[in-house]
Peer 1: 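Below you will find the structure I want to go over with you.
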Amino acid sequence: MYVRGVGPRLAEMLAAKGISTAEDLLYHLPFRYEDRQNPRSLDELKPGEMASVIAEVRGSTLLRTRRAPIFELTLGQGRLAMKCIWFNGTYLEGKFHAGQTLAVFGKVEPSRSTSNMKMINPQWELLPDASDDAETRLLEVGRITPVYESLGGARLASRWQRKVLFNLLESVRGAVPECLPAAIIERLGLPNREIALREAHFPPEGTPMTELQAWSTPAHHRLIFEELFFLELGLELKRRRMRERAGIAFETDEKAREAIREVLPFHPTAAQKRALAEIVSDMRQPNPMRRLLQGDVGSGKTIVALQAMLVAMENGYQAALMAPTEILATQHFLAARKLLERSSRKYRIVLLTGSLDEDRKRANRGLINRGEAQLVIGTHALIEEKVEFDRLGLIVVDEQHRFGVLQRFKLMKKPRPDGSEDAEPDMLVMTATPIPRTLALSLYGDLDLSVLDELPPGRTPIVTRRVPDERAGEVWDFVYKQVKLGRQAYIVYPVIEGSRNDQPELDFSHDETPAAAQPAKSSSRKTHAKGKTADLFPKLAPEANPNAKSGLKSAVAMYEKLRTGPLGGLRLGLLHGRLDAEEKEVIMRRFQRGELDVLVSTTVIEVGVDVPNASVMVIEHAERFGLAQLHQLRGRVGRGAAKSYCVLMTGGQVSERAEERLNAMVRTQDGFELAELDLAMRGPGEIFGTRQAGLPDFRIANLVRDRKLLEIAKQEAARFANATPENAEGAEAERARVWARLREGWQRKYGLVEAG
Ligand code: ADP
Ligand code: MG
């Protein structure tokens with residue numbers, strides 16, 4: 001379609017920004033709005049308020065100060081004047097000429113030197129002058145003005161977009177087809193598509209600014225709902241297709257039950273029983289199972305999975321368990337082997353990890369290929385890439401807190417001699433990410449969900465405290481005493497070795513790089529200094545810590561320091577990602593067997609490691625870790641009957657967000673609550689990783705902000721998709737249009753890949 005104002009060259013530039021159709025352009029909404037209905041006159045400005053001012057440029061200078069260049073601009077209205085100041089404003093030099101009309105929007109501040117007001121770093125925009133046409137002037141002043149993110153360069157700036165969009169909206173007046181079912185629009189009281197688009201770009205006079213900035217006007221709601229509705233409809237469709245595929249209908253006869261009873265070392269919790277029942281009921285269906293088993297760290301997911309794998313094995317199929325790390329794969333392998341030893345049946349289990357020697361790997365692959373190994377445990381990569389199974393019936397993916405495997409997962413299929421296709425294996429994904437249930441259900445609409453919302457009995461709450469680095473001495477004393485009481489401890493560092501240039505063991509991608517950390521607020525510093533730790537370490541006086549300088553403490557350096565210093569005489573082990581798998585193994589095994597008292601480590605221990613006697617978790621530089629990571633780390637203790645402790649040590653600057661994370665850790669142990677907070681602080685994209693997790697990049701919607709709408713969209717999508725001819729709402733043609741739009745939009749917009 002031809003859009004006025006967009007020639008071939010501009011079209012190319014737009015396409016580079018993902019805008020390749022007129023529709024894309026229409027859905028490119030302003031990111032904020034300016035109230036230029038009633039721009040303020042300079043004499044009515046009050047300090048502290050946000051205001052929009054339209055005035056004439058009088059002059060400007062770039063002041064080169066010792067710290068940062070300051071760009072200073074004087075605006076005038078008659079005899080009144082106002083200064084605008086931009087720090088680091090070199091880029092503004094030469095942009096303004098006296099006599100131009102400028103709109104600025106910002107916080108009004110009193111000016112020290114004069115009685116006039118000033119604005120610091122205001123938003124600004126040059127307005128058209130008298131020579132511009134009336135239509136353009138109309139879009140800029142005297143109205144609520146949309147402000148767009150620049151699409152690149154001055155040519156595609158906000159002002160240009162305003163004009164193009166205005167023209168575009170005019171040219172399609174009365175011709176924008178509705179894409180949602182009429183019944184839904186009516187039920188939810190939403191504006192139609194054309195009105196919603198028009199009003200989201202050019203809000204009618206009097207629209208409350210607060211609603212606009214929050215994207216909560218009816219127009220916004222309508223457009224957000226539309227996006228979420230098609231997402232949910234697509235998920236619904238995927239789920240239905242999965243139900244239609246051929247899978248394996250496992251039988252759960254007495255034989256299978258007996259096999260489980262033989263190996264189960266304890267009474268399952270009610271939650272474990274319920275989850276297993278849900279899983280087994282799926283497995284009995286003739287379609288492939290796609291189920292997410294969600295349970296906080298320590299909730300006992302592994303045993304549930306093992307039971308499901310026994311069902312598959314008793315049916316004569318192979319089962320595979322894929323773990324994210326070698327340590328975990330090995331741990332699963334050892335645990336499974338120990339349990340299965342109790343069985344009267346002779347199962348063959350093999351391990352597949354990168355560190356096995358080549359001969360061993362080849363031999364194991366042979367066992368799997370010939371169907372002689374019933375249970376295969378290994379790392380994701382190995383199982384995915386190299387293995388052809390003989391009769392794979394169930395895949396369990398231990399994802400811990402990563403996501404997206406389901407979408408990417410592709411197993412090699414062993415060719416059948418007769419060329420026939422195997423039935424799809426069942427799949428169970430285990431995750432410790434406590435995504436809020438509503439979000440999980442809506443996002444993973446193509447998965448079914450089982451939740452372990454109960455911890456095995458005998459767990460005691462973990463006492464969590466923050467301790468400033470200056471009191472490290474007390475912490476080591478405490479660790480020492482706990483070990484003397486027969487306990488074990490973890491001490492975790494963000495880096496392996498060195499300080500600044502070292503590679504972090506895991507990413508710090510949450511919200512700040514070390515360099516960007518902001519100084520703590522004075523208020524939060526107070527909490528910090530008071531240290532809420534008084535009751536955990538009551539007797540000792542603060543002590544200077546030689547490490548509490550600027551650099552990062554590392555696992556390697558601190559291992560040496562602790563071993564020869566405060567923890568001298570205890571048996572310390574060192575674990576990090578640079579050791580080869582065998583070394584890691586040995587250390588881990590020794591810690592598990594109680595031959596080491598203290599494990600100094602990086603976050604390699606984060607996932608799933610299970611040592612019930614370990615009751616102390618010390619995390620240094622706790623401010624560096626993300627909330628999910630901290631929660632995972634803490635989950636390594638509190639697994640036995642002994643009272644457990646988590647000590648979050650911080651030194652130096654703690655950013656505001658880190659402060660929030662640490663306070664949350666102290667406040668609660670509830671994984672779901674922490675997940676909610678994490679989600680609110682970081683947004684789902686950062687947590688789940690958008691593209692790679694198969695999560696859509698939304699044009700308009702935001703999963704945190706729009707959770708209520710997501711729920712409604714899910715309900716409406718299910719209702720629409722599952723309507724029978726008798727109760728379907730709307731005409732056949734309308735329903736066909738909705739499906740057509742889904743097909744057209746789904747692949748392009750979300751890039752979602754079909755599983756398997
Ligand atoms: P996660 O869900 O974090 O993977 P695990 O499966 O590793 O948790 O289980 C944590 C610990 O709890 C293990 O030591 C496991 O043996 C134990 N456990 C699991 N279920 C029960 C139960 N019903 N009763 C007692 N202990 C259990
Ligand atoms: Mg686990």
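Reckoned from all heavy atoms, side chains included, excluding hydrogens, waters and symmetry mates. One-based numbering, in listed order, for ligands and for the atoms of each.
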Peer 1: Which is it for Ser299 and ligand 1 at heavy atoms under 4.0 Å: side chain, backbone, both or neither?
Peer 2: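 Both backbone and side chain.
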Peer 1: Would Ser344 and Glu262 count as having a side-chain donor-acceptor pair, cut-off 3.5 Å?
Peer 2: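 There is such a pair (donor and acceptor under 3.5 Å, judged by atom type) between the side chains of Ser344 and Glu262.
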Peer 1: When Leu375 is tested against each of Ile368, Leu310, Leu351, Leu340 for side chain to side chain contact (heavy atoms under 4.5 Å, CB included), which residue passes?
Peer 2: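 Answer after filtering Ile368, Leu310, Leu351, Leu340: Leu340.
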Peer 1: Is there a heavy atom in Pro268 that sits closer than 4.0 Å to ligand 1?
Peer 2: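 The answer is yes: ligand 1 sits under 4.0 Å from a heavy atom of Pro268.
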Peer 1: With salt bridge (charged side-chain N to carboxylate O under 4.0 Å, His left out) as the rule and sequence neighbours excluded, what pairs involving residues 486-495 come up?
Peer 2: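 Pairs touching residues 486-495 that pass the test: none.
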Peer 1: Which atoms of ligand 1 are found less than 4.0 Å from any heavy atom of Lys301?
Peer 2: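 Per the distance check, 1 (P), 2 (O), 3 (O), 4 (O), 6 (O), 8 (O).
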Peer 1: Short list, please: which atoms of ligand 1 are under 4.0 Å from a heavy atom of His267?
Peer 2: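 Result: 22 (C), 23 (N), 24 (N).
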Peer 1: Against heavy atoms of Pro456, which atoms of ligand 1 measure under 4.0 Å?
Peer 2: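 Result: 18 (N), 19 (C), 20 (N), 21 (C), 22 (C), 24 (N), 25 (C), 26 (N), 27 (C).
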Peer 1: How does Gln272 reach ligand 1, if at all, at less than 4.0 Å between non-hydrogen atoms: by side chain, backbone, both, or neither?
Peer 2: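 Side chain only.
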Peer 1: Please work out which of the three classes, parallel, tilted or perpendicular, describes the rings of Phe591 and Tyr490, given edges at 30° and 60°.
Peer 2: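 The rings of Tyr490 and Phe591 sit tilted, inter-plane angle from 30° to 60°.
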Peer 1: Charged N to carboxylate O below 4.0 Å: is that the case for Arg657 and Glu660?
Peer 2: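 Salt bridge between Arg657 and Glu660, a charged N being under 4.0 Å from a carboxylate O: no.
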Peer 1: Can you tell me which residue pairs pass the ring pair (Phe, Tyr, Trp, His ring centres under 6.0 Å) test with a partner in residues 256-281, sequence neighbours excluded?
Peer 2: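 For residues 256-281: none.
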Peer 1: As a check for students: among Thr302, Leu339, Val611, Thr269, identify the option with a heavy atom nearest to atom 7 (O) of ligand 1.
Peer 2: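 The nearest heavy atom belongs to Thr302.
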Peer 1: Using a plain distance cutoff, I'd like to know if Pro612 has any nitrogen or oxygen under 3.5 Å from a nitrogen or oxygen of ligand 1.
Peer 2: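 Checking ligand 1 against Pro612, no N or O pair falls under 3.5 Å apart.
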